[in-house]
Amino acid sequence: RAKSLGRGSFSFYVKELSDRATHRVEMEMRLRRAIEMGQLEVFYQPQVEIASGRIIGAEALLRWRDDERGYIPPDQFIPLAEQSELIVKLSNWVLEQVSRQGRLWLDQGYAPLRLAVNLSPNQLRNAELIQHIDTTLQATGFPAEQLELELTEGTLMHDPEQAAERLNQLRKLGISISLDDFGTGYSSLAYLKRFPLSVLKIDKSFTRGLPQDLEDCAISRTVVAMGHALGMTVLAEGVETQEQLEYLRDLGCDVYQGYLCSPAVPAKQFVELLSPNDKR
Ligand code: C2E
Ligand code: MG
Ligand code: MG
Ligand code: MG
């Protein structure tokens, strides 16, 4: 591409590339420092059982507050961290925070909440993953039955054999697995049944069109039916309106997550969303 545009644009192209590389190195340095200086925080977004309206769990979402740049969204630094071993450090940290927080809520008398943590593709490939998760759960006393790991289709399809093996090991520990952003990848349905999945998460790009967009309606209806046929819980992401919720309720969708209930918030604010009878 650059060549056909002539010399001037070629050097421009090179400069742009090296700027990007500089940006990457600089961001990586900042991120390392952020971890050390405690500028990362785990936020929690409620997951609501549609039939009862009760908050039954939360998804843990990472937040980075940088003094100079302000809030940096995870989509801007997680892919970056993925390119180095930084992702392992980062993910271990998230898992520890979540396990500790989950244990604390139990000790404070809250009814058991299912807490979901996102797993990056590289983490599933990491041979030490299972051992690390097990050790963290033991050390914090957070029950494996309350931990859920979110994976995407891409993560599973990279090496389906290995993924299936790892997921089976996690299941044996009592951990449940959910398939995130379902419908945006290109996994075949035949493959899906090979993985021990507990939850299917309908991607928010489909939820958005409900109930006006006929295709989004058809896709959501199909995912709910298929998930249930395979014995899975179906959760809709990105629910922002009452109309979307009503449509999903009619479909028999089990759980929802979205701004209609709350965005991801700090742990302290999260418990304020729980109803008083969630405390035993
Ligand atoms: P995801 O796992 O699919 O998370 C859902 C994203 O949708 C979150 O964005 C959440 O804030 C956003 N969201 C929730 N409700 C609504 C809604 O009603 N409307 C709209 N428009 N958006 C909604 P966020 O927090 O920016 O996270 C983006 C992605 O970053 C996540 O996608 C996940 O893939 C990744 N991520 C976040 N935290 C972690 C982490 O600790 N580890 C790893 N590996 N990835 C993470
Ligand atoms: Mg997720
Ligand atoms: Mg998602
Ligand atoms: Mg995503």
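Counting from 1, the numbers follow the sequence of the chain as shown. In each ligand, atom 1 is the first atom listed, and ligand 1 is the first ligand listed.
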- Message: Going by the closest heavy atom to atom 11 (O) of ligand 1, which one wins out of Glu59, Arg63, Lys204?
- Response: Arg63

- Query: Considering only heavy atoms, which of Leu61, Thr155, Val42 lies nearest to atom 10 (C) of ligand 1?
  - Reply: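 Of the listed residues, Leu61 has the closest heavy atom.
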
- Query: Below 2.8 Å, any N, O or S contact between Asn118 and the Mg ion (ligand 2)?
  - Reply: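 A backbone or side-chain N, O or S atom of Asn118 is under 2.8 Å from the Mg ion (ligand 2).
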
- Examine all N, O or S atoms of Glu59, backbone included, and report whether one is under 2.8 Å from the Mg ion (ligand 2).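 Yes, since at least one N, O or S atom of Glu59 sits under 2.8 Å from the Mg ion (ligand 2).
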
- For Leu62, is at least one N or O under 3.5 Å away from an N or O on ligand 1?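 Such a contact does occur with ligand 1.
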
- Can Gln244 and Thr207 be counted as having a side-chain donor-acceptor contact under 3.5 angstrom?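 Side-chain D/A pair, Gln244 to Thr207: absent.
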
- Is the charged tip of Arg65 near the ring of Tyr71: under 6.0 Å from the six-membered ring centre and within 45° of its axis? no

- Message: Looking only at N, O or S atoms, which one in Asp181 sits nearest to the Mg ion (ligand 3)?
- Response: OD1

- Query: Relative to the Mg ion (ligand 3), which of the N, O or S atoms in Glu237 is the closest?
  - Reply: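 Closest to the Mg ion (ligand 3) among those atoms: OE2.
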
Close-contact set for ligand 1 against [X] heavy atoms, below 4.0 Å:
{"X": "Asp75", "value": "28 (C), 29 (C), 30 (O)"}
{"X": "Glu240", "value": "17 (C), 18 (O), 19 (N), 20 (C), 21 (N)"}
{"X": "Gly258", "value": "15 (N), 18 (O)"}
{"X": "Val239", "value": "18 (O)"}
{"X": "Gln45", "value": "14 (C), 15 (N)"}
{"X": "Val94", "value": "41 (O)"}
{"X": "Asp180", "value": "1 (P), 2 (O), 3 (O)"}

- Counting heavy atoms not belonging to Glu215, are there more than 12 under 6.0 Å from its CD?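 Open.
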
- Please check if atom CZ in Arg208 has more than 12 non-hydrogen atoms from other residues, nucleotides or ligands closer than 6.0 Å. no

- Task: Evaluate the side chain to side chain donor-acceptor pair (under 3.5 Å) criterion for residues Glu165 and Gln169: first the C-alpha distance (whole Å), next the side-chain angles of each, then the deciding distance (0.1 Å), finally the verdict.
- Result: CA-CA 6 Å; Glu165 196 188 307; Gln169 288 173 295; 5.1 Å; no

Taking [Y]'s backbone N and O only, do any of them form a donor-acceptor pair with [X]'s side chain (distance below 3.5 Å, no angle check)?
{"X": "Asp180", "Y": "Thr152", "answer": "no"}
{"X": "Thr184", "Y": "Asp181", "answer": "yes"}
{"X": "Arg249", "Y": "Ile50", "answer": "yes"}
{"X": "Glu153", "Y": "Gly183", "answer": "yes"}
{"X": "Ser52", "Y": "Arg54", "answer": "yes"}

- Query: Could Arg114 and Glu49 be called an ion pair, given the rule that one side-chain N must be under 4.0 Å from one carboxylate O?
  - Reply: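 No, this pair does not count.
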
- Output yes if Asp180 passes the N/O/S-under-2.8 Å test against the Mg ion (ligand 3); output no otherwise. yes

- Query: With a cut-off of 2.8 Å, does any N, O or S atom of Glu150 fall short of it relative to the Mg ion (ligand 3)?
  - Reply: no

Any idea which part of [X] is under 4.0 Å from ligand 1, heavy-atom wise: side chain, backbone, both or neither?
{"X": "Glu237", "value": "side chain"}
{"X": "Asn118", "value": "both"}
{"X": "Pro73", "value": "neither"}
{"X": "Leu260", "value": "neither"}

- Query: Do the rings of Phe270 and Tyr44 sit parallel, tilted or perpendicular, given the 30° and 60° boundaries?
  - Reply: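 Because their plane-to-plane angle lies in the 30° to 60° range, the rings of Phe270 and Tyr44 count as tilted.
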
- Out of curiosity, is Gly238 lining ligand 1, as in a heavy atom under 4.0 Å away?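 A heavy atom of Gly238 does come that close to ligand 1.
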
- Query: Hey, are the side chains of Phe77 and Leu62 touching, using non-hydrogen atoms and a 4.5 Å cut-off?
  - Reply: yes

